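See below for the structure under consideration.
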Protein chains: 2
Amino acid sequence: MARTKEFDPDAALQAALDLFWRRGYEATSMADLVEGLGIARASLYATFGSKRELYLRALERYSEQTDPVLLAELSQPGPVLPAVRALVRRYAEASAEDGLKRGCFVTNTAVELAPHDPAAARRVEASLGHLETVLTAALVRAEAQGELPAGREPRALARMLMVLMQGMRVLGKATDGAARVRDAAEQALVLLD
Amino acid sequence: MARTKEFDPDAALQAALDLFWRRGYEATSMADLVEGLGIARASLYATFGSKRELYLRALERYSEQTDPVLLAELSQPGPVLPAVRALVRRYAEASAEDGLKRGCFVTNTAVELAPHDPAAARRVEASLGHLETVLTAALVRAEAQGELPAGREPRALARMLMVLMQGMRVLGKATDGAARVRDAAEQALVLLD
DNA sequence: CCCCATCTAGACCGTTCGGTCCAATATCGG
DNA sequence: CCGATATTGGACCGAACGGTCTAGATGGGG
């Protein structure tokens, strides 16, 4: 009926994710977003509602981009333990080489917003729950396939890896975190032998 | 010569630490601090300079209160491994039962401020470095005393525990983190057997 | 080709931000 | 008891905050 949208809401959301990811919620102003997204302030509000809604949408998008990759990697047929190792190591590398010091968007949200924002807390919980579920399933399969000695506790192991991964993302934001993160990953993986 | 100070700067700093710890840097306004500290706005600036300086002082104080406890626990003569285990478990419990969802002030600072505040990054690094040093020393001693099988890597193990502890503090801020944190601690401690 | 919905840039809104200033007050030494 | 000195509450500052609104440009459907 009328004029078509001139900007790509998807690209705008991605740009918002980049900004929030790098600076966090409070430290990113609407002025920053207007400039970074390259769209009119009014369009921004018309499309996303408010700063908080935009942040939550960005968080959702982050999970949508991240979660399927995890799942795919750990669901491939055949040996599963190598995939778990690769995942943990890749996480460590990503944390160690995080030049922009962005960390993990979910981790950042857990620290900055989750304690006083129920909606943010729910999304964080959803991401962590997914990671735990996928990791646990992978380790259960590893056990069934004889890759993992019987008697281990797949869920507890998965939780341990998950907690460690959160910590890696935190250390990656501090100086000199690289060697620590790599050492931590290798030590933890010993538990999978 | 003149009027004496009417408020206790030490208590004020402690109150500031409590506020920053609970809400973070950006989400805590000077108005919040004035109210929470119970002192005049002017006195606050006269004593601490600025919001950022106050935060850094609070972080310093947090470390001063926390670090010696760690060191003392791990430096007692006799068996050292039980002390390490107790420390990790106590950390897990503190994270799991963190009703105020405060997490660790150092962790929070690492996530929120360290990436773009060099002074904050330095203090975070100092705390993490201290933790790593103390843990490593303890594990070296454990190895020397035959508590830990030879061939382990004390520093790498210490780093792994340190990273895990950061992760526990993050998970403690999310919902349903308690069981995860406890499982993670127990699994990690298996590496000390 | 023109109407109209939706876009745009940016002025504008009240509020809150971190920080400063000041007059009034309170407490010390003498 | 008084002068000197710090502290006090709160007014005040310019800037930045998140959010709204308007005027005009723009482009698709009839």
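Chain letters run A, B, ... following the sequence lines, proteins first, then strands; residues in each count from 1. Since we're looking at a predicted model, the values are computed, not measured.
- Leu189(A) is connected to Met160(B) through a chain of hydrophobic side-chain contacts under 4.5 Å among Ile, Leu, Val, Met, Phe, Trp and Tyr, so both are in one cluster.
- To the nearest angstrom, C1' of dG18(C) lies 11 Å from CZ of Phe20(B).
- Proximity of Leu161(B) to Leu87(B): side-chain heavy atoms (C-beta onward) are nowhere separated by under 4.5 Å.
- Protein atom CD1 of Ile39(A) is 14 Å distant from nucleotide atom P of dG19(D), rounded to whole Å.
- Looking at heavy-atom distances under 4.0 Å, Ala46(B) makes no contact with the nucleic acid at all.
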**Asked** When you look at Tyr55(B) and Phe105(B), which way does the ring pair (Phe, Tyr, Trp, His ring centres under 6.0 Å) test go after all the steps?
**Response** CA-CA 11 Å; Tyr55(B) 185 92; Phe105(B) 197 48; 5.1 Å; yes
Expected string for nucleotides 12-18 of chain D under the B/S/- scheme (protein heavy atoms, under 4.0 Å, primed atoms plus P, OP1, OP2 as sugar-phosphate) is -----SB
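- Atoms CG (Leu44(A)) and P (dC21(D)) sit 16 Å apart, rounded to a whole Å.
- The shortest side-chain heavy-atom distance between Arg169(B) and Tyr91(B) falls under the 4.5 Å cut-off.
- Counting non-hydrogen atoms of other residues, nucleotides and ligands closer than 6.0 Å to CZ of Arg141(A) gives a total above 12.
- Residues satisfying the side-chain hydrogen bond (donor to acceptor under 3.5 Å, both in side chains) test with Thr133(A), not counting sequence neighbours, are none.
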